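Working notes, structure below.
Note that the structure is predicted; figures quoted are calculated from it, not measured.
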Amino acid sequence: QVQLVESGGGLVQPGGSLRLSCAASGGIVSLVAMGWYRQAPGKQRELVATITSDGTTSYVDSVKGRFTISRDNAKNTVYLQMNSLKPEDTAVYYCANAAGSWGQGTQVTVSS
């Protein structure tokens, strides 16, 4: 069973940056598609960014140009670099793989 552990969340001011990490054990992140999701209070969980096994990336329109998903195969870790953060980016962020494994989530709060 693959275990995914997110880290890197926190409180940041609007316009700031954070980098989220998703460390995998029991599986190899480069072999399957990986994704970052987020869920804000009172809203449905939404897919934010994905990276396929061949490295193709995709993003929801609201984060294009601000967020970057990447993968370090040596560390078996997927990242989400978030720049120019906005209050509407506030949510719990989760990573998941295409096989249905999920992490526990990390809180991101964007507020002045």
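For T52, the side chain to side chain donor-acceptor pair (under 3.5 Å) test picks out D54, with sequence neighbours left out. For the side-chain contact (heavy atoms from CB on, under 4.5 Å) test, residues two or more places apart in sequence or in another chain that qualify with A33 are A98. For S112, the side-chain contact (heavy atoms from CB on, under 4.5 Å) criterion is met by P14, not counting sequence neighbours.
When side chains are defined from C-beta on, L11 counts as touching S111, because their heavy atoms get closer than 4.5 Å. Put simply, the side chain of M82 reaches to within 4.5 Å of the side chain of Y93, judged on heavy atoms. M34 has its side chain within reach of C22: a pair of non-hydrogen atoms, C-beta onward, lies under 4.5 Å apart. Under the 4.5 Å side-chain criterion, counting only non-hydrogen atoms from C-beta, L85 is in contact with L18.
Other residues, nucleotides and ligands contribute at most 12 non-hydrogen atoms within 6.0 Å of the CD atom of Q1. Dense packing is recorded around CD of Q39, with more than 12 heavy atoms of other residues, nucleotides or ligands lying under 6.0 Å away.
Under the ring pair (Phe, Tyr, Trp, His ring centres under 6.0 Å) criterion, the residue pairs touching residues 34-59 are Y37-W102, with sequence neighbours excluded. The stretch residues 2-22 participates, sequence neighbours left out, in no ring pair (Phe, Tyr, Trp, His ring centres under 6.0 Å) pair at all.
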Open item on the list: As a quick check of understanding, evaluate side-chain contact (heavy atoms from CB on, under 4.5 Å) for L31 and S53, giving each step before the final call.
Closed with: CA-CA 5 Å; L31 295 183; S53 56; 5.8 Å; no
Task: Residues N76, I28; criterion side-chain contact (heavy atoms from CB on, under 4.5 Å); working and verdict - done: CA-CA 6 Å; N76 211 29; I28 300 175; 4.1 Å; yes
Task: Test log, rule side-chain contact (heavy atoms from CB on, under 4.5 Å), inputs V92 and T106 - done: CA-CA 5 Å; V92 178; T106 186; over 6 Å; no
- [ ] For salt bridge (charged side-chain N to carboxylate O under 4.0 Å, His left out), just list the numbers for D61 and K64, CA-CA rounded to whole Å, side-chain angles, deciding distance to a tenth of an Å, and then say yes or no.
- [x] CA-CA 5 Å; D61 285 347; K64 283 180 180 177; 2.9 Å; yes
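Residues I69 and V32 are members of one and the same hydrophobic cluster, defined by side-chain heavy-atom contacts under 4.5 angstrom among Ile, Leu, Val, Met, Phe, Trp and Tyr. At a threshold of 4.5 Å between side-chain heavy atoms, the hydrophobic network of Ile, Leu, Val, Met, Phe, Trp and Tyr places L80 and V12 in one connected group. Under the 4.5 Å side-chain heavy-atom criterion for Ile, Leu, Val, Met, Phe, Trp and Tyr, V108 and V60 are members of the same hydrophobic cluster. Cluster annotation: Y94 and V63 are assigned to distinct hydrophobic clusters (Ile/Leu/Val/Met/Phe/Trp/Tyr, side-chain heavy-atom contacts under 4.5 Å, transitive). Linking Ile, Leu, Val, Met, Phe, Trp and Tyr whenever their side-chain heavy atoms come within less than 4.5 Å leaves L20 and Y79 in two separate clusters.
Counting all heavy atoms, side chain and backbone alike, V78 lies closest to R71 at CG2-CG, 4.1 Å. Closest approach of L4 to A96, counting heavy atoms only: CD1-CA, 3.8 Å. Residues S21 and T77 come closest through the heavy atom pair CB-CG2, 4.2 Å. For the pair G103 and E6, the tightest heavy-atom approach, listed with the atom from each and the gap, is CA-OE2, 3.2 Å. Contact record, Q107 with A91: NE2-O, 3.5 Å, taken as the closest heavy-atom pair. Closest approach of V5 to Q104, counting heavy atoms only: CA-OE1, 3.7 Å.
Separating the OG1 atom in T109 from the CG atom in D89 is a distance of 11.0 Å, to the nearest 0.5 Å. Distance check, rounded to the nearest 0.5 Å: OG of S62 to NZ of K86 gives 8.0 Å.
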Please tabulate, for side-chain N and O atoms in residues 43-50, each donor-acceptor pair with protein atoms closer than 3.5 Å (sequence neighbours left out).
from: E46; atom 1: OE2; to: R38; atom 2: NE; distance (Å): 2.6
from: E46; atom 1: OE2; to: R38; atom 2: NH2; distance (Å): 3.0
from: T50; atom 1: OG1; to: S58; atom 2: OG; distance (Å): 2.5

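In summary, the side chains of N83 and S17 do present a donor paired with an acceptor at a separation below 3.5 Å, with no hydrogens or angles considered.
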